[in-house]
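One structure below.
Naming convention: chains lettered A, B, ... in sequence-line order (proteins, then strands); numbering from 1 in each chain.
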Amino acid sequence: MEITFKILRFDPDKNKKPYYRKYTVKVEPGMTVLDGLNEIKWRQDGTLAYRRSCRSAICGSCAMTINGVNRLACNSQILALKRKTVVVEPLRRFPIIKDLIVDMDPFFEKMSIIKPYLITHSPAGLRERLQSPEERKLLDEPVTCILCGACTSSCPSYWYNKNYLGPASLFKAYRFVFDSRDEGTEERLRIISDRDGLWRCHSIFNCVEACPKSLNPTYAIAELKKKIVTTKL
Amino acid sequence: MIHHQHDIVIIGAGLAGLRAALETSRVADTALLTKVYPSRSHSGGAQGGIAASLANESDDNWELHMFDTVKGSDYLGDQDAIEILVKEAPATVIELEHMGVPFSRNANGTIAQRRFGGHSRPRACYASDYTGHVILHTLYEQGVKQGVEVYSEFYVVSLIMNKGNCCGVVALDILSGELHLFHSKAVMFATGGYGRAYKITSNAHANTGDGLSIVYRVDIPIEDMEFVQFHPTGLYKHGILVTEGARGEGGYLLNKDGERFMKNYAPEKMELAPRDLTSRAMQTEMNEGRGIEGKDYIHIDLRHLGAAKILERLPQIHELALNFVGVDCTKEPIPIQPTAHYSMGGIPTDNHGQVVIDKDNTPVKGLYAAGECACVSVHGGNRLGTNSLLEATLFGQRAGEAMAELVQREKEFTPLPENPAQPAEKEIATILENEGKESVAQIREELQVSMTDNCGIFRDEKKLKKELEIVKSLQERYKHIHIDDKGMRCNTDLMEALELGHLLDFAEVIVAGALNRTESRGSHYRIDYPKRDDENWLKHTLAYRTDKGPRFDYKKVVITRYQPTERKY
């Protein structure tokens with residue numbers, strides 16, 4: 001089946017502004033949007049630039065906007081999109097470097113603000129710190145996050161205020177606040193309750209819709225809000 | 001050209017590179033270069049676990065782990081290195097836990113451990129089936145905490161040597177297209193594996209084995225390249241990994257008759273036989289017409305585990321099977337086939353990660369390697385599952401310690417040679433200016449398909465000779481490529497061309513090594529020489545680059561505790 005790929009192209013060295021270019025790809029069942037992009041790059045137009053690596057939804061490189069929704073190109077089946085035309089654009093509101101490649105540095109820099117590492121003060125001892133399966137279960141969702149940026153790029157609060165920490169960073173904060181081994185709750189809660197922190201979240205749920213791993217950052221942010229309200233800072 | 005000076009340059013930010021950087025950046029100015037972002041490294045693709053004899057589930061100790069690893073390696077692993085690996089494994093895993101790795105837990109709060117192929121005890125410490133991912137992210141987080149200086153999306157093009165000493169690298173800033181020169185006292189390669197030399201592979205697009213050919217091109221040998229591990233369970237047609245943990249949890253391998261055929265190959269271990277043996281068993285079933293629907297795939301059946309256990313222990317497998325082959329594994333078996341997974345061979349190093357260049361283990365000053373791109377050798381002819389995350393972390397740390405010690409001792413930088421960036425500049429200019437007719441994608445496709453057909457699980461002289469000719473002709477055609485993108489910015493067209501150059505260089509070594517080794521051992525199986533031949537081949541291969549193709553020399557296997565015996569499971 002022939003499918004049209006309509007791809008946003010932009011090379012700031014050559015183009016004044018972004019434009020769309022169409023390519024026709026012969027699609028077999030099982031082909032993903034990433035397979036389609038590869039087909040274009042390898043057989044039709046080598047100048048097309050995009051990120052990809054694992055092609056199994058674990059590295060987070062190929063997050064992009066596909067038919068208006070943020071997803072991973074690698075785990076999006078083309079035929080499941082049920083459209084004759086697939087519109088592919090870079091993650092919205094992230095600065096475009098070239099074509100589908102956006103500047104991810106601000107995203108990763110935000111992550112580092114929330115102290116994204118286990119904070120402990122008590123001595124660790126010679127063996128593992130103990131944690132019950134129930135305590136560990138609280139981390140199932142946040143440790144699955146692949147830092148692809150699909151959520152933050154889909155968040156209207158982030159569109160409005162680029163200083164907002166955004167769902168991915170807050171999800172990471174949740175991962176440590178709710179880790180029974182972590183002893184940095186208060187300092188982390190102080191950071192995320194800052195004016196650019198979690199109160200900017202208005203539970204719009206775009207991040208939930210965008211997450212390619214079916215995770216729920218909005219829930220995590222709500223839990224963090226409760227935690228702040230019930231913790232004496 | 002932008003010049004940098006750092007005491008230490010580490011290339012690759014997976015488990016080995018990150019762990020090394022945590023060690024060195026405490027005391028030395030360290031630059032960590034990666035062609036992706038650290039959290040995108042393919043260590044994150046590892047699923048099932050990391051080995052350590054913690055004895056949380058049953059009795060266990062390092063000696064049992066050592067024997068399993070030596071036997072698994074088909075006696076080609078160096079036993080002094082393996083002893084270090086298994087003795088330090090528990091401390092390594094405990095340290096990871098203390099750093100924050102969210103391991104799955106037992107009811108008593110200890111780290112949960114599961115069974116894995118070739119291991120006689122349940123010693124795979126896991127985090128459901130996201131083990132590599134969570135360790136990678138934890139090490140990345142520790143890097144953020146420690147302020148490790150990361151150059152993301154920097155692609156190393158060449159190594160700078162001066163009179164046999166290593167003094168830096170030249171790298172391409174992928175986003176801007178500018179070349180950067182890094183002058184350093186020590187360089188470490190942690191660039192991972194080379195699964196992309198094959199059509200069906202569990203590896204990421206990034207796993208093009210660049211580090212191996214970069215050192216090979218400056219006349220440093222590469223070791224045991226003929227030993228390529230095929231993981232038994234890759235998703236059919238995709239090659240995407242289905243963790244061995246799926247069998248560790250009790251999954252069955254079934255042929256078209258619904259028979260658990262492993263009883264005919266490894267009656268004792270069944271599905272938990274080592275990977276080399278299991279992949280050969282599967283391939284035999286398929287070759288003899290017992291693949292599903294007579295085709296080239298087999299089933300892995302998890303249904304009897306129950307949906308609750310599958311979703312708790314193997315959530316990623318559930319998701320991958322659903323998204324890529326449209327199978328709900330709580331209700332149907334998953335179609336799978338063997339997939340190129342891991343390179344046992346690599347850049348030869350001593351037990352401290354320092355690169356060595358001959359059979360006497362003569363070290364190269366300032367050059368280190370660890371993880372999959374290195375060959376210590378702890379895996380010998382066949383790696384046991386869960387030993388690779390352990391090796392990457394542990395030997396990454398050891399290489400880090402050794403480099404930290406070196407740069408504190410050496411006050412001066414080795415001076416740069418004249419025109420240190422010239423080879424890199426020339427390589428890039430040649431590709432950009434080349435107006436040949438050949439396509440990079442076409443040559444790569446032909447390489448991957450022919451390597452899978454002729455240098456895969458079952459090998460023989462005829463196929464290997466044919467493949468050697470194919471690789472040589474592809475190398476010739478590579479001289480006449482043409483790329484579309486002639487710009488600087490994000491030129492991934494150029495990058496793919498550079499990567500193909502590497503694939504072609506080391507693929508020749510894999511094939512020539514496989515042709516040269518006239519025995520069967522571990523993952524290297526020769527139909528025409530089906531027996532292990534300790535008399536002639538209990539030795540490591542060292543391949544040196546010459547203009548006429550690789551020249552081979554050999555290195556003794558270190559045997560300390562366990563003499564080679566017949567390997568049965």
Picking from [options], which has the most non-hydrogen pairs under 4.5 angstrom with chain A?
options                                : value
B:His42, B:Glu496, B:Lys35             : B:Glu496
B:Lys237, B:Gln442, B:Lys486, B:Arg444 : B:Arg444
B:Pro315, B:Gly45, B:Ala107            : B:Ala107
B:Ser128, B:Ser104, B:Gly100, B:Ser152 : B:Gly100

Contacting moiety of [X], where chain A heavy atoms sit under 4.5 Å:
X        : result
B:Gln316 : side chain
B:Ser202 : backbone
B:Val101 : backbone
B:Phe324 : both
B:Phe103 : backbone
B:His98  : both
B:Asn106 : backbone
B:Leu54  : both
B:Ile483 : neither
B:Glu95  : neither

Answer whether the closest heavy-atom distance between the side chains of [X] and [Y] falls below 4.5 Å.
X        : Y        : value
A:Thr47  : B:Asp493 : no
A:Lys41  : B:Asp484 : no
B:Arg489 : A:Lys14  : no
A:Lys98  : B:Asp485 : yes

What part of [X] is in contact with chain B, defined as an atom under 4.5 angstrom from a non-hydrogen atom: side chain, backbone, both or neither?
X        : value
A:Glu128 : both
A:Arg129 : both
A:Lys172 : side chain
A:Leu147 : both
A:Met111 : neither
A:Ile119 : neither
A:Thr32  : side chain
A:Glu109 : neither
A:Thr120 : neither
A:Arg127 : both

For this session: Find the distance between CZ (A:Arg181) and CE (B:Met99) and round it off to the nearest 0.5 Å.
Result: 12.5 Å

Exercise. Once you round to the nearest 0.5 Å, how far does CD1 of A:Ile58 lie from OG of B:Ser41?
Worked result: 12.0 Å

Is there a donor-acceptor contact under 3.5 Å from the side chain of [X] to the main chain of [Y]?
X        : Y        : value
B:Arg40  : A:Cys54  : no
B:His133 : A:Cys145 : yes
A:Arg55  : B:His238 : yes

If you count heavy-atom pairs under 4.5 Å with chain B, which of [options] comes out on top?
options                              : result
A:Ser53, A:Cys59, A:Gly30, A:Pro116  : A:Ser53
A:Ala57, A:Cys148, A:Ala49, A:Ser56  : A:Ser56
A:Pro12, A:Gly125, A:Ser76           : A:Pro12
A:Asn38, A:Asp182, A:Leu130          : A:Leu130
A:Asn75, A:Leu126, A:Asp45, A:Ile101 : A:Asn75

For this session: Take B:Tyr130 and A:Thr144, measure what side-chain contact (heavy atoms from CB on, under 4.5 Å) needs, and give me the verdict at the end.
Result: CA-CA 7 Å; B:Tyr130 280 101; A:Thr144 308; 3.5 Å; yes

For this session: Starting from the C-alpha separation in whole Å, work towards a yes-or-no answer on side-chain contact (heavy atoms from CB on, under 4.5 Å) for A:Met104 and B:Glu153.
Result: CA-CA 11 Å; A:Met104 293 298 291; B:Glu153 302 187 313; over 6 Å; no

Exercise. What parts of residues 207-216 of chain A touch chain B if we use heavy atoms and a cut-off under 4.5 Å?
Worked result: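 Hits under 4.5 Å: A:Lys213.
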
Problem set entry | Within 6.0 angstrom of A:Tyr219 OH, more than 12 heavy atoms from elsewhere |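 No.
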
Exercise. Does atom NZ of A:Lys227 have more than 12 heavy-atom neighbours from other groups under 6.0 Å away?
Worked result: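 Result for NZ/A:Lys227: open.
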
For this session: Among A:Leu118, A:Leu139, A:Asp140, A:Leu138, find the residue that satisfies the side chain to side chain contact (heavy atoms under 4.5 Å, CB included) test when tested with B:Pro102.
Result: A:Leu139

Exercise. Does a side-chain N-to-carboxylate-O contact under 4.0 Å join B:Arg105 and A:Glu135?
Worked result: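 No, no charged N to carboxylate O under 4.0 Å.
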
Exercise. Angle class for the B:Tyr37/A:Phe108 ring planes (parallel below 30°, perpendicular above 60°, tilted otherwise)?
Worked result: parallel

Exercise. Stepwise, does the side-chain contact (heavy atoms from CB on, under 4.5 Å) test hold for B:Thr492 with A:Arg51?
Worked result: CA-CA 9 Å; B:Thr492 50; A:Arg51 290 191 177 99; over 6 Å; no

Exercise. Under 3.5 Å, is there a donor-acceptor pair between the A:Ser112 and B:Lys145 side chains?
Worked result: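 There is no such pair (donor and acceptor under 3.5 Å, judged by atom type) between the side chains of A:Ser112 and B:Lys145.
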
For this session: Could you walk me through whether B:Cys490 and A:Asp99 pass side-chain contact (heavy atoms from CB on, under 4.5 Å), step by step?
Result: CA-CA 9 Å; B:Cys490 303; A:Asp99 298 340; over 6 Å; no

